[in-house]
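In this text the structure is predicted, and so the values were computed from the model without any measurement. FYI, side chains are in, hydrogens and waters are out, and symmetry mates aren't considered; it's all heavy atoms of this structure.
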Amino acid sequence: MLEEFRRYCSLQRDQAPLASLLIYLKRKGSFVQLNHILRELGPTGGGPFWNQTTLINKLDKLERLEVLIMERRILPSPRAEAKKKTNTFYRLNPTTPIYPYIYRMLKIYKEEPDRYSSDLVEKPLDHLCDISGK
């Protein structure tokens with residue numbers, strides 16, 4: 001699985017969107033609804049994904065690589081009792097070898113006495129593959 005993930009990462013021209021997605025899901029911790037991911041990482045939220053199709057394709061590929069777990073849930077509609085809606089949820093797979101190392105894609109630095117910030121390291125996915133493969 002790690003070797004397939006490494007090959008997939010090497011095909012990414014820009015590694016930042018995929019790295020941001022992994023960090024976002026790690027921060028959330030549990031299942032996150034697709035609509036929320038799109039709202040926060042899509043174009044309206046100022047995120048790295050410029051359209052819904054690109055985001056869904058990345059999520060599907062990561063699920064096939066067993067990096068993510070996808071779950072579909074039927075939720076009742078608040079407008080009508082009989083109307084039900086299926087929603088898609090994603091979360092990181094805690095059994096994947098890269099799971100414990102995801103935050104290492106961030107470079108953390110101190111700005112002010114009590115304020116810290118973070119940026120992605122250069123080539124974050126390559127860095128993640130290197131440290132998780134050791």
### Query
Going by heavy atoms in the side chains, are L41 and P48 under 4.5 Å from each other?
yes

### Query
Looking at side-chain heavy atoms only, is the closest gap between Y99 and V67 below 4.5 Å?
no

### Task
Hey, could you give me the CG/CG distance between L68 and D60, rounded to the nearest 0.5 Å?
9.5 Å

#### Entry: Close side-chain approach of M105 to I23, heavy-atom, < 4.5 Å
yes

### Message
Are more than 12 heavy atoms, taken from residues, nucleotides or ligands other than E63, located less than 6.0 Å from that residue's CD atom?
### Response
yes

#### Entry: Atom pair SG (C9) and NZ (K123), whose distance is rounded to the nearest 0.5 Å
11.5 Å

### Task
Answer yes if the side chains of N93 and T95 hold a donor-acceptor pair under 3.5 Å, and no otherwise.
yes

### Message
Enumerate the side-chain hydrogen bond (donor to acceptor under 3.5 Å, both in side chains) contacts for residues 24-33, please, sequence neighbours excluded, ordered by first and then second residue.
### Response
Y24-E40, Q33-H36, Q33-N87

### Message
Once side chain to side chain donor-acceptor pair (under 3.5 Å) is applied, do any residues pair with S118, and if so which ones, sequence neighbours excluded?
### Response
none

### Query
Can you name the residues that form a side chain to side chain contact (heavy atoms under 4.5 Å, CB included) with R91, not counting sequence neighbours?
F31, I69, P94

### Summary
Contacts of E3 meeting side chain to side chain contact (heavy atoms under 4.5 Å, CB included) (sequence neighbours excluded), chain-then-number -> R6, R7

### Query
Just how far is it from atom CD1 of I98 to atom CD1 of I131, taken to the nearest 0.5 Å?
10.0 Å

### Query
Of all residues at least two apart in sequence or in a different chain, which pass the side chain to side chain contact (heavy atoms under 4.5 Å, CB included) check with E122?
none

#### Entry: Residue pair L21 / I37, side-chain heavy-atom distance below 4.5 Å
yes

Donor-acceptor list for residues 11-20 side chains, cut-off 3.5 Å, not counting sequence neighbours:
residue	atom	partner	partner atom	Å
Q12	OE1	K58	NZ	2.5
Q12	NE2	Y8	O	3.4
D14	OD1	A16	N	3.3
Q15	OE1	L125	N	2.9
Q15	OE1	D126	N	3.4
Q15	NE2	D126	OD1	3.2
Q15	NE2	D126	OD2	3.3
S20	OG	A16	O	2.8

### Query
Around atom OH of Y116, are there more than 12 heavy atoms of other residues, nucleotides or ligands at under 6.0 Å?
no

#### Entry: Interatomic distance, C129 atom SG to L2 atom CG [nearest 0.5 angstrom]
6.0 Å

### Task
Working to the nearest 0.5 Å, report the span between CZ of R104 and CG of L128.
10.0 Å

### Message
Pair L34, F89 - check side chain to side chain contact (heavy atoms under 4.5 Å, CB included), show working.
### Response
CA-CA 6 Å; L34 176 59; F89 293 82; over 6 Å; no

